[in-house]
There are 4 protein chains.
Amino acid sequence: MEFDSHLPIYMQIMHVIKNRIVSGQLRGGDKLPSVRDLAKEFKVNPNTIQRCYQELERENLVFTQRGLGTFVTEDLEAIKTLKTKMAHELTQNFIEQMKKLGFAPQEIIKIISDRINRRHDDE
Amino acid sequence: MEFDSHLPIYMQIMHVIKNRIVSGQLRGGDKLPSVRDLAKEFKVNPNTIQRCYQELERENLVFTQRGLGTFVTEDLEAIKTLKTKMAHELTQNFIEQMKKLGFAPQEIIKIISDRINRRHDDE
Amino acid sequence: MEFDSHLPIYMQIMHVIKNRIVSGQLRGGDKLPSVRDLAKEFKVNPNTIQRCYQELERENLVFTQRGLGTFVTEDLEAIKTLKTKMAHELTQNFIEQMKKLGFAPQEIIKIISDRINRRHDDE
Amino acid sequence: MEFDSHLPIYMQIMHVIKNRIVSGQLRGGDKLPSVRDLAKEFKVNPNTIQRCYQELERENLVFTQRGLGTFVTEDLEAIKTLKTKMAHELTQNFIEQMKKLGFAPQEIIKIISDRINRRHDDE
DNA sequence: GTGGTCTAGACCACA
DNA sequence: GTGGTCTAGACCACA
């Protein structure tokens with residue numbers, strides 16, 4: 001068993017930014033908020049954001065230009081790949097959890113379909 | 001933003017036990033491990049398990065008999081209700097996340113179906 | 001504050017026997033159960049019952065005859081006095097508690113009357 | 001027989017606090033003492049008070065605000081209901097005890113009335 | 001400062 | 001052996 005699964009904050013923020021990129025809120029070439037601004041928005045230490053941007057750059061999802069700021073990669077293929085990968089992880093995880101609850105694969109599809117095809121999306 | 005969503009350990013363990021009940025690993029009337037044994041298994045303090053069992057009892061998923069132990073409820077209807085509720089939460093959460101990635105409802109169904117209908121379940 | 005108000009068991013048993021005497025279950029001159037029998041009935045050590053009978057004798061509510069056993073006093077006046085005293089204590093205590101809850105004296109009378117005059121005694 | 005009916009300390013303290021709420025010493029919205037302060041006042045471990053406040057919250061008699069403290073519910077109806085319930089329990093219990101002493105219902109009313117209508121409240 | 005969780009360890013009643 | 005309570009004391013997030 002693994003308790004205390006507590007992801008480091010910089011990784012949590014990376015995830016948020018990846019979400020924004022993948023969903024198109026941030027597009028290829030867009031400027032990311034400055035380290036200081038994002039630190040304020042998330043109420044964390046600027047170092048945390050700094051680390052976050054560094055790691056995103058290492059994954060080639062953003063690039064920095066000295067004196068100008070940090071920008072979303074213009075490699076749209078990379079973004080698409082990321083989107084696929086993130087979707088895959090979510091899906092994998094979801095299916096695994098549902099199986100743990102004792103649902104068979106076909107049941108899972110049915111539950112999802114039913115949930116999505118309801119006329120009014122509650123919430 | 002919400003970082004550090006660290007669920008208390010006793011709740012995480014409640015979740016594990018609910019999974020076992022809902023999936024049928026633990027059936028109505030079955031004895032749960034003793035507080036001390038489960039504490040060893042999960043490497044936590046017995047008080048933490050105690051708290052966990054108490055909360056599960058409060059939710060009418062288990063009942064205790066002084067001097068004998070803690071047992072899974074025999075109210076099968078309650079177990080079924082729990083299973084439905086847990087499935088609903090997982091599904092809700094999954095859909096929400098996928099939407100954040102920018103997927104449309106019908107795409108989500110397709111992704112799940114494709115994933116499930118692949119001939120060989122990888123891993 | 002006083003927690004752990006835990007009366008000694010011999011006193012609790014004295015109380016039970018006084019109840020039996022005062023209510024007429026045990027009458028003046030009746031033989032009390034033997035120390036051994038009562039110890040069994042209450043699942044306590046015979047010494048505890050011994051102590052209990054001793055104290056009751058000191059209060060002149062019972063008397064012992066060597067070789068014969070322990071008997072309820074034949075002083076009916078003493079029994080009546082005991083009954084009055086016990087009733088007084090209960091009543092005093094009850095009123096005090098009700099006042100702590102914020103009820104005025106006249107309200108207390110009303111509540112008791114209403115409760116007693118209900119057609120069917122529930123329970 | 002039931003000896004040693006020793007209520008857990010946290011329940012005894014719950015009872016004290018309920019008394020304070022019901023009698024109006026603590027009113028809707030009032031802040032309760034902090035866990036640590038009450039622990040000192042009652043000379044018990046803070047965990048015991050913690051448990052107490054938690055149970056009171058579960059009964060919707062208090063609510064907590066993270067970082068601020070614990071407060072009496074503002075649902076005055078709930079307080080009134082509690083008062084009625086506590087009075088009922090006391091009364092029920094009192095009548096039962098008096099019956100055990102051998103008093104008839106009408107006698108009980110008379111004893112209470114006499115006790116209350118005495119000109120000077122002794123003690 | 002405030003409540004919430006957790007550990008380590010003791011002692012209890014019940015069976 | 002089983003759960004239930006309690007102490008002593010630590011550390012945490014939130015304000």
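Excluded from the calculations below are hydrogen atoms, water molecules and symmetry mates; all remaining heavy atoms, backbone and side chain alike, are included.
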Handout entry: Interface with DNA chain F, restricted to residues 26-40 of chain B and to heavy atoms under 4.0 Å
Key =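 Only B/Pro33, B/Ser34, B/Val35, B/Arg36 qualify.
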
In whole Å, what is the span from the [atom1] atom of [X] to the [atom2] atom of [N]?
X: D/Met11; N: F/dG4; atom1: CE; atom2: P; answer: 11 Å
X: D/Ile49; N: E/dG3; atom1: CD1; atom2: P; answer: 11 Å
X: B/Leu7; N: E/dG4; atom1: CG; atom2: P; answer: 16 Å
X: D/Ile9; N: F/dA8; atom1: CD1; atom2: P; answer: 11 Å
X: D/Glu57; N: E/dT2; atom1: CD; atom2: P; answer: 17 Å
X: B/Leu56; N: F/dG3; atom1: CG; atom2: C1'; answer: 14 Å
X: D/Gln54; N: E/dT2; atom1: CD; atom2: P; answer: 18 Å
X: B/Glu55; N: F/dG3; atom1: CD; atom2: P; answer: 16 Å

Counting only pairs under 3.5 Å, give me each side-chain donor-acceptor contact of residues 28-39 of chain B, with atom names and distances, residues two or more places apart or in other chains.
from	atom 1	to	atom 2	distance (Å)
B/Asp30	OD2	B/Arg27	N	2.8
B/Ser34	OG	B/Arg36	N	3.4
B/Ser34	OG	B/Asp37	N	3.1

Short side-chain N/O contact to [N] OP1/OP2 from [X], under 4.0 Å:
X: B/Gln50; N: F/dT2; result: no
X: B/Arg51; N: E/dC6; result: no
X: B/Thr64; N: F/dG4; result: yes
X: B/Tyr10; N: E/dT5; result: yes
X: B/Thr48; N: E/dT5; result: no

Practice task
Without swapping roles, check the side chain of A/Thr48 against the backbone of A/Val44 for a donor-acceptor pair under 3.5 Å.
Solution key: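 No, A/Thr48 side chain to A/Val44 backbone: no donor-acceptor pair under 3.5 Å.
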
Problem - Side-chain (C/Ser23) to main-chain (C/Asn19) donor-acceptor, under 3.5 angstrom - result: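 Confirmed, C/Ser23 side chain pairs with C/Asn19 backbone.
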
Exercise for the section: Establish whether the base of F/dG9 is bridged to the side chain of D/Asn45 by a donor-acceptor pair shorter than 3.5 Å. Expected result: no

Practice task
List in chain and number order the residues that pass side chain to side chain contact (heavy atoms under 4.5 Å, CB included) with D/Asn93, two or more places apart in sequence or in another chain; answer none if no residue qualifies.
Solution key: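 D/Asn93 satisfies side chain to side chain contact (heavy atoms under 4.5 Å, CB included) with D/Gln97 once adjacent residues are dropped.
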
Heavy atoms from C-beta onward define the side chain here; which of [options] lies closest to that of [X]?
X: B/Pro8; options: E/dC6, F/dT7, E/dG3; result: E/dC6
X: B/Asn47; options: E/dG9, F/dG3, E/dC6; result: E/dG9
X: B/Tyr53; options: E/dC6, F/dG3, F/dT5; result: F/dG3

Exercise for the section: With a 4.0 Å heavy-atom cut-off, tell me which residues in residues 65-74 of chain B come close to DNA chain E, sorted by residue number. Expected result: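 The answer is B/Arg66, B/Gly67.
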
Practice task
Is it possible for you to check whether C/Lys83 lies under 6.0 Å from the centre of the six-membered ring of D/Phe103, through NZ or CZ, and within 45° of that ring's axis?
Solution key: yes

With a 3.5 Å cut-off and sequence neighbours excluded, list the donor-acceptor pairs that the side chains of residues 58-71 of chain D form with protein atoms.
from	atom 1	to	atom 2	distance (Å)
D/Arg58	NH1	B/Glu55	OE1	3.1
D/Arg58	NH2	B/Glu55	OE2	3.4
D/Glu59	OE1	D/Lys18	NZ	3.0

Exercise for the section: With side chain to side chain contact (heavy atoms under 4.5 Å, CB included) as the test, would you mind laying out the steps for A/Ile9 and A/Phe42 before giving the verdict? Expected result: CA-CA 10 Å; A/Ile9 292 178; A/Phe42 287 159; over 6 Å; no

Handout entry: Intra- and inter-strand pairs of DNA chain E in dot-bracket (Watson-Crick or G-U wobble, both distances under 3.5 Å; | for another strand)
Key = ||||||||||||||.

Exercise for the section: Show your working on side chain to side chain contact (heavy atoms under 4.5 Å, CB included) between B/Glu57 and B/Tyr53 and close with a plain yes or no. Expected result: CA-CA 6 Å; B/Glu57 179 155 27; B/Tyr53 279 11; over 6 Å; no

Practice task
Using side chain to side chain donor-acceptor pair (under 3.5 Å) as the criterion, point out the one residue from B/His15, B/Arg51, B/Gln50 that pairs with B/Tyr10.
Solution key: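 Going through B/His15, B/Arg51, B/Gln50 one by one, the side chain to side chain donor-acceptor pair (under 3.5 Å) with B/Tyr10 is satisfied by B/Arg51 alone.
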
Problem - Check ion pair A/Glu41-A/Arg20 (N to O, under 4.0 angstrom) - result: yes

Completion exercise
CG (B/Leu56) and CD (B/Gln54) are apart, to the nearest 0.5 Å, by 10.5 Å

Handout entry: Spacing of A/Lys85 atom NZ and A/Glu89 atom CD [to the nearest 0.5 Å]
Key =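 Reported value, rounded in 0.5 Å steps: 5.0 Å.
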
